[in-house]
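Each chain gets a letter, A, B and so on, in the order the sequences are listed, and its residues count up from 1.
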There are 2 protein chains.
Amino acid sequence: MASEPPEHADPGGDSAARSRGPYAKGLARRQQILDRAIEVFARRGSAGTSLRSIAQEIGVSHAALTHYFSSREQLLVEVYREAERQADEVEPHSADASPVDIMTESARRNHAVPGLVQLYSTLVATALEPGHPDAAGFATTRFATVRADLAERVRRNQASGRMRSDVDPDAVASLVIAASDGLQTQWMLDESVPQSEALDLLARLLTPHRPESSGGA
Amino acid sequence: MASEPPEHADPGGDSAARSRGPYAKGLARRQQILDRAIEVFARRGSAGTSLRSIAQEIGVSHAALTHYFSSREQLLVEVYREAERQADEVEPHSADASPVDIMTESARRNHAVPGLVQLYSTLVATALEPGHPDAAGFATTRFATVRADLAERVRRNQASGRMRSDVDPDAVASLVIAASDGLQTQWMLDESVPQSEALDLLARLLTPHRPESSGGA
DNA sequence: GTCTATACGTCGATAGAC
DNA sequence: GTCTATCGACGTATAGAC
C-alpha cells in the first residue's frame with residue numbers, strides 16, 4: 001500500500017517490458033490472483049477455502065499464493081479490501097446521501113455476493129481474537145473510516161435540516177454501522193427478519209419530528 | 001437439552017454408583033468438562049484453543065473431548081450455551097425491563113468476559129458459512145428466541161406508554177439486537193466508540209416524543 | 001524476482017486396544 | 001468409557017530451479 005517499488009506497472013501485457021520492468025509482471029500476476037480469488041470467495045465464503053483449494057481453482061500452486069501474500073489472513077484481508085474498492089468504483093456513493101441510505105445501499109449490494117458478507121464476518125470475528133494483527137488492523141481501520149464518513153454525513157444532514165439536531169453525530173454513526181452489520185447477519189441466517197424495515201425505522205427515528213407519523217405496524 | 005438419558009445424576013462423587021449408575025458418571029464428567037471449558041474460553045476466546053490444548057488444560061486427552069462432544073464446533077456451541085444459561089441463572093432479567101435495557105445489561109456483563117464475546121462472534125461467523133449446521137442451528141435459534149422475547153417486551157412497553165406506539169415491534173427487536181451486537185464488536189476493537197451513548201440514543205429515539213429533549217452532543 | 005517441490009508441526013477426526 | 005495410535009489436510013517455512 002505504501003511500499004510499492006518503482007512505477008512502470010504494466011498489468012495485462014508484459015510484452016516488451018521484460019528486461020527493464022522488473023516488477024511489472026509480478027504485480028500483474030498478483031492482481032490477477034486477487035481478481036480470481038474475489039470470485040472464489042464471492043461464491044464460497046471463506047470457510048472451506050484453504051490455500052491449496054483456492055490455489056488449485058485459480059490455477060497456481062499454493063506456494064505461489066504465499067509468495068504474493070505473506071499469510072492466509074493477509075490474503076483474506078486484501079481480497080475483501082479489493083472487492084470493496086471495486087464495488088465503490090463501479091457505483092460510488094453520492095455525496096449528500098444520508099447515513100442510513102449508505103448502509104441500505106451497501107446491504108442491497110451485498111445480497112448479490114453472500115460469500116463476501118461471510119468473508120467480512122469472518123474477518124471481524126478473527127480481528128477480535130488475540131494474535132491476529134492483520135485482521136485487527138483491517139477491521140479497526142475500516143470501522144474508523146466508515147464511522148468518520150458517516151458522522152460527517154450526519155452533520156451535513158443536520159445542517160440541512162433533514163436529520164434531528166439533538167443527536168450526537170458520532171453516536172449515530174456507530175449506531176448505524178452496528179444496525180447495518182447486525183441486521184445483515186440476522187437476515188443471512190433467516191431471510192424473514194425485517195432487515196429493510198428495521199433500517200427504514202432507524203432512518204425515520206432520526207428524522208426531525210413530524211407529528212403526522214406514518215404508522216409502523 | 002431435551003435428550004438426557006435417565007436421572008440418577010450424581011455429579012462430583014461416583015463412590016457407590018459405579019455398577020448400577022450407567023450414565024451418571026459420564027454426565028457428571030461431561031458437565032465438569034463444560035464448566036472447565038467455559039473458564040478456558042472466557043480467558044482465551046476461541047482462537048488458539050484447539051481440542052488438544054483445551055484438553056490439556058482441563059486434564060483429559062483430546063479424544064475424551066470428542067467422546068463427549070461430537071465435534072469441536074459442537075463443543076464451542078455448548079460452551080457458549082452453558083455460559084449464557086449460568087449467567088441468566090445468576091442474574092435473571094426483570095420482566096418489565098425495556099428491550100434496550102436488556103441489551104445494555106448484557107453488554108455490561110460481557111465486558112467482564114471478553115473471551116465469551118469472541119466466542120459468540122466466532123460462532124455467528126461460522127454459522128454464516130455453508131456446511132456448519134451446529135453453529136447455524138445455534139445462531140438461528142438464539143436470534144429467533146431473543147427476537148421473540150424483545151418483541152414481546154416492546155409490546156408491553158408500548159402498552160404501558162413507555163415506548164412509541166408507531167413502531168413495529170419485530171423491527172424494533174431486530175434493530176436492538178443488531179445495534180447491541182454491532183456496537184459490542186466495534187467497542188472491542190476500539191474502546192473509544194460510544195457504545196453506551198449509542199444504545200442510550202436508541203432508547204431515547206424509541207421513547208414517546210418529549211419536546212424538551214435533553215440534547216445529544 | 002518468480003515459482004515449484006518438499007518438508008515440518010499441528011489440526012480435527014477416527015479406529016481399535018484396554 | 002477412555003485411552004493410544006494414526007489418518008489426511010491444513011498453514012507455514014525453506015531450498016533451489018528458472
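Base contact: B/Thr66 has a heavy atom under 4.0 Å from a base atom. Counting any heavy atom pair closer than 4.0 Å across all strands shown, B/Ala63 reaches a base atom. As judged by a 4.0 angstrom heavy-atom cut-off over every strand, A/Arg29 is placed among residues touching the sugar-phosphate backbone only.
If you measure from atom CG of A/Leu76 to atom P of D/dC10, you get 15 Å, rounded to the nearest angstrom. We find that CD of A/Gln56 is positioned 10 Å from P of D/dC10, with the value rounded to whole Å. Straight-line distance from the CD atom of B/Glu73 to the C1' atom of C/dA13: 14 Å, rounded to whole Å. Rounded to an integer number of Å, the gap from NZ of A/Lys25 to P of C/dT2 is 9 Å. Regarding B/Phe69, its CZ atom lies at a distance of 16 Å from the C1' atom of C/dA13, rounded to whole Å. The nearest whole Å value for the distance from the CD atom in B/Gln74 to the P atom in C/dA13 is 10 Å. Between the C1' atom of C/dA13 and the CG atom of B/Asp134 lies a distance of 14 Å, rounded to the nearest Å. With rounding to whole Å, B/Arg72 atom CZ is found 16 Å from C/dT10 atom P.
Both A/Arg52 and A/Gly59 sit near DNA chain C, but only A/Gly59 has its closest nucleotide nearer the 5' end. Of the two residues near DNA chain D, B/Ser61 and A/Ser70, the one whose nearest nucleotide lies more 5' is B/Ser61.
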Could you go through the side-chain hydrogen bond (donor to acceptor under 3.5 Å, both in side chains) check for B/Asp190 and B/Gln186 one step at a time? CA-CA 6 Å; B/Asp190 179 357; B/Gln186 291 180 56; over 6 Å; no
From CA spacing to verdict: side-chain hydrogen bond (donor to acceptor under 3.5 Å, both in side chains), A/Gln118, A/Arg44: CA-CA 9 Å; A/Gln118 293 159 10; A/Arg44 313 205 314 214; over 6 Å; no
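Side chain to side chain, B/Asn110 and B/Tyr120 fail the donor-acceptor criterion of an N or O pair below 3.5 Å. For the residue pair B/Thr126/B/Glu73, the side-chain donor-acceptor check at 3.5 Å is not satisfied.
Here C/dG12 is the nucleotide among C/dG12, C/dT2, D/dC3 with the atom lying nearest to any side-chain atom of B/Leu51. Between D/dC10, C/dG12, D/dG1, one nucleotide has an atom nearer to the side chain of B/His67 than all others, and that is D/dG1.
You'll find a donor-acceptor pair under 3.5 Å spanning the side chain of B/His62 and the base of C/dA13, going by distance alone.
A salt bridge does not link A/Arg204 with A/Glu197: every distance from a Lys NZ or Arg NE/NH1/NH2 to an Asp or Glu carboxylate oxygen is 4.0 Å or more.
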